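Accompanying notes for the structure given below.
In what follows, chains are A, B, ... by sequence order, proteins preceding strands, each numbered from 1. Keep in mind it's a predicted model, so treat the numbers as computed, not measured.
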Number of protein chains: 2
Amino acid sequence: MKTDFNEKQIQILLIAEKLFAENGFEGTSIRTIAKEADINIAMVSYYFGSKEKLLEALIVYRTSDLKIQMENLSVENLDPIEKIDKLIELYINRIRCNKGIYRILHFEFSSEEMEEKMKILNDVRDRNLKSIETIIHEGQAKGIFRKDVNIPLISPTIMGTFFHFSMNKAYFKKLLKLDTDEAFENYIQTTFKTHIQQTIKALLIYES
Amino acid sequence: MKTDFNEKQIQILLIAEKLFAENGFEGTSIRTIAKEADINIAMVSYYFGSKEKLLEALIVYRTSDLKIQMENLSVENLDPIEKIDKLIELYINRIRCNKGIYRILHFEFSSEEMEEKMKILNDVRDRNLKSIETIIHEGQAKGIFRKDVNIPLISPTIMGTFFHFSMNKAYFKKLLKLDTDEAFENYIQTTFKTHIQQTIKALLIYES
DNA sequence: TACAAAATTAAACAACCGTTTAATTTAAAC
DNA sequence: GTTTAAATTAAACGGTTGTTTAATTTTGTA
């Protein structure tokens, strides 16, 4: 699998990432990409072969450095509750900083057929699950967390809530009176982050 | 707003719902809809005006009875905790039974451009929020729920978790050893439903 | 039965799609 | 400086898109 791209190719990939994230794969034409990237329309086919192979190249380009970003939180010297807080902050910041590719993955690779093909994603997901498991088991051993938590469903709760919130951005901006995009971004990093942290902590600690 | 459709229109709406859910809005052509529904391609424009208005009509058609179910719940004679449980069950069953339209909403209305156009959806969201507000305020008045809950973020937590879980179906089927689609569906209605109920209740009740 | 409204049709419309071609320019190697 | 390969271009290709037209059929009503 090719993982190295020249300057021109990266230029195209970055523009494509932006446009795919904004308008979807089908909603973005090669002509739009070419115009935005200030290149001839034939260059996409010339460099990547086809529009679909451009998307494939983009996934490869982005997931290769996503792997490296993986950090090991579980060895830090913090109590389990602080670790949960930090884990959620990590989650949110990572998605925030790679909004484009996460959006694309979320949309274009949500069909079962596509999901099967992208085994690369499973590695990332498995590692995330392992990290969460380690932290929660530690908290359970210390008697802080309840024993009957459904650990595999923690990650969907965090990520799902985040995606759903930011995917209905226009609605929530109006509802929460967040006039600018900056205000929305700020809300995510403060109030919204706290909401998820509270939610997960409450789920882990609360005895019914 | 028009809410009544004749037989032919409903026939078109149902086919469109299926195709939009399968291939997306942009990925579905009027010609495909016409062929599948066994009508002339001009009939869509004739009955609905345009492709976009067809989508609008579909949303109106599918969300018109949701309103009643939600409002009935808030007046039922149950304590707030039971109402939350019922609300979440309602949410999940509602999405399960109307998978097609919810998939469309989830995917097509995530672009800001689309979201701006379709004001219809805002009414539905506002009504849902109102229902949740009523229930939570009742619980707060009775001293059962905490006062500092971020109510607008409850719905994204429920729906987001559900969507993210079912959108990564293939991964979770393997992870949770759910061999068949029926096993997956059953998992949603039992274990997964309980997880969300516990999560929301914990968030509403737990004092940190 | 006659007439008007509604429904349905095939055809054409202009615009856009992804891709390919063949000619031209640029860059590198000898 | 010449040769060769890579990069870039405008133009054209065949197809599909959503929508409109104008003619025809069906339907309901008086």
*Could you tell me whether a side-chain N or O of A:T28 sits under 3.5 Å from a main-chain N or O of A:L19, the two making a donor and an acceptor?*
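Confirmed, A:T28 side chain pairs with A:L19 backbone.
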*asked:* Once salt bridge (Lys or Arg N to Asp or Glu O under 4.0 Å) is applied, do any residues pair with B:K18, and if so which ones, sequence neighbours excluded?
replied: B:E36
For nucleotides 24-29 of chain D, which of its nitrogen or oxygen atoms have a protein nitrogen or oxygen under 3.5 Å away, and what is each distance?
none

With [X] via side-chain hydrogen bond (donor to acceptor under 3.5 Å, both in side chains) - residues at least two apart:
X      : value
B:Y187 : A:N150
B:E185 : B:R96, B:K99
B:T157 : A:H195
A:S29  : A:T32

_What is the separation between atom CG on B:N23 and atom C1' on D:dT17, rounded to the nearest whole Å?_
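Roughly 15 Å, once rounded to whole Å.
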*With sequence neighbours excluded, what pairs up with B:F184 under the ring-ring contact (aromatic ring centres under 6.0 Å, His included) test?*
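By the ring-ring contact (aromatic ring centres under 6.0 Å, His included) rule, B:F184 matches B:F165.
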*asked:* Strictly under 4.0 angstrom, non-hydrogen atoms only: write out the protein contact profile of nucleotides 6-19 of chain C, one letter per nucleotide from the 5' end, B, S or -.
replied: SBBBBBB----BBB
*Non-neighbouring partners of B:D148 that pass side-chain contact (heavy atoms from CB on, under 4.5 Å), sequence neighbours left out*: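 For B:D148 the side-chain contact (heavy atoms from CB on, under 4.5 Å) partners, ignoring immediate neighbours, are A:Q198, B:R146.
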